[in-house]
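This report concerns only the one structure given below.
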Amino acid sequence: MRFAEHWMGCTIASTRDVTPGIREITLTPDAPVAPYPLGSHINVSLLIDGQPQTRSYSLVGERNSDQLRIAVRLAPDSRGGSRAMWNLNTGARLEISSPSSLYDIDWTRQTYCLIAGGIGITPITGIAHALNLRDGIEVQLHYAVKSRRDAAYLDELSEWLGDRLTVHAGNEGARLDLAATFASLPADAIAILCGPMRMLEAARRAWNDAGRKPSDLRYETFGSSGLLPTAEFRVRLKSSGAELVVPQNRSMLAALNDAGFEVMSDCERGECGVCAIDVVALDGEIDHRDVFFSDHQKQGNAKICPCVSRVLGTVTVDTQYQPDAI
Ligand code: FES
């Protein structure tokens, strides 16, 4: 059960491949969207293997109320959302949510350090573009990719930022040194990051180790990127002893709700904590894919955010669900 959000219809205006594995999809909403913060994402309603599901995609580039651009990386081992998106053609109809952002960017700073990992470049493009238009500020973008061939929007970013863009291509041995990057920033700097979970966790550690204010590191996540493989697992309900299987292509939240064990949710990206439920027993390992819980809380395995987190093995949970409660 998700908190209310505003949905609207849209049509796919065009598609183009911006790298061999990343497809940009331009959407024309049925009515112009209200002004939205840069770095926003939209939720897209999709039928995946016959089941209605929702996926989140960040908006690319400058703010535009008439056309929304998203970019989808084809991920063969994912839960099926990217495959479904790649199968859509120009003219297809979709339901999308209004754009919203969790970045809450402070635009009054003098120094901005932008960091993107892979497809995490998408929300960063609009922010980079806006910062590039402002005078008297420092901005740098660190873009970590496997290879330059996998780097979407490199031409635009190079044009805007010139030598303020650094590409860290893994196949060139150019790794991003977060500690050194953060150490070189002035005290008022803010870092804005989007990348996979491993990068986010490393950045949070490096940011804290550098003695910087946690609130000066702003980030969004890929809700589906974890540290362990995405595989089917079992969930037992403490209240009833019922057991259900979470398929590889479904979230634990969706599986619980499908089975009638209602769990409240909001962001469904592992960021708000609304969906958190108690872990009663664990036979296996939890892959905490949220950014809501601290490292310490994750190690404790007392709670799990079922919208994104997964398990290798079997987990017993208490959803506090009471079907007869008034
Ligand atoms: S709904 Fe926000 S963390 Fe799960």
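One-based numbering, in listed order, for ligands and for the atoms of each.
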Next on the checklist: Please confirm whether D266 approaches ligand 1 to less than 4.0 Å, judged on its heavy atoms.
Outcome noted: yes
Item to check | Ring geometry between W207 and F182 (parallel below 30°, tilted from 30 to 60°, perpendicular above 60°) | outcome: perpendicular
Checklist entry - With a cut-off of 2.8 Å, does any N, O or S atom of C267 fall short of it relative to atom 4 (Fe) of ligand 1? => result no
Checklist outcome for this item: ligand 1 atoms nearer than 4.0 angstrom to some heavy atom of E268 are 1 (S), 2 (Fe)
Checklist entry - Going by atom types alone, do N301 and H288 pair a side-chain donor with an acceptor below 3.5 Å? => result yes
Item to check | Atoms in ligand 1 with a heavy atom of E271 nearer than 4.0 Å | outcome: 3 (S)
Item to check | Whether over 12 other heavy atoms sit under 6.0 Å from R134 CZ | outcome: yes
Item to check | Under 3.5 Å side-chain donor-acceptor pair for R289 and S309 | outcome: no
Checklist entry - Which atoms of ligand 1 sit under 4.0 Å from any heavy atom of C307? => result 1 (S), 3 (S), 4 (Fe)
Item to check | Protein residue, atom and distance nearest to atom 3 (S) of ligand 1, heavy-atom basis | outcome: G273 N, 3.2 Å
Checklist entry - Are S147 and D150 close enough that a side-chain donor and a side-chain acceptor fall under 3.5 Å? => result yes
Next on the checklist: Tell me whether atom 4 (Fe) of ligand 1 has C275 as a neighbour, meaning an N, O or S atom of it below 2.8 Å.
Outcome noted: yes
Next on the checklist: Tell me whether the count of non-hydrogen atoms from other residues, nucleotides or ligands lying under 6.0 Å of CZ in R164 goes above 12.
Outcome noted: yes
Item to check | Atoms in ligand 1 with a heavy atom of G270 nearer than 4.0 Å | outcome: 3 (S)
Checklist entry - Are D216 and R109 close enough for a salt bridge, meaning some N to O gap below 4.0 Å? => result yes
Checklist outcome for this item: For atom 2 (Fe) of ligand 1, the closest protein heavy atom turns out to be C272 SG, 2.2 Å
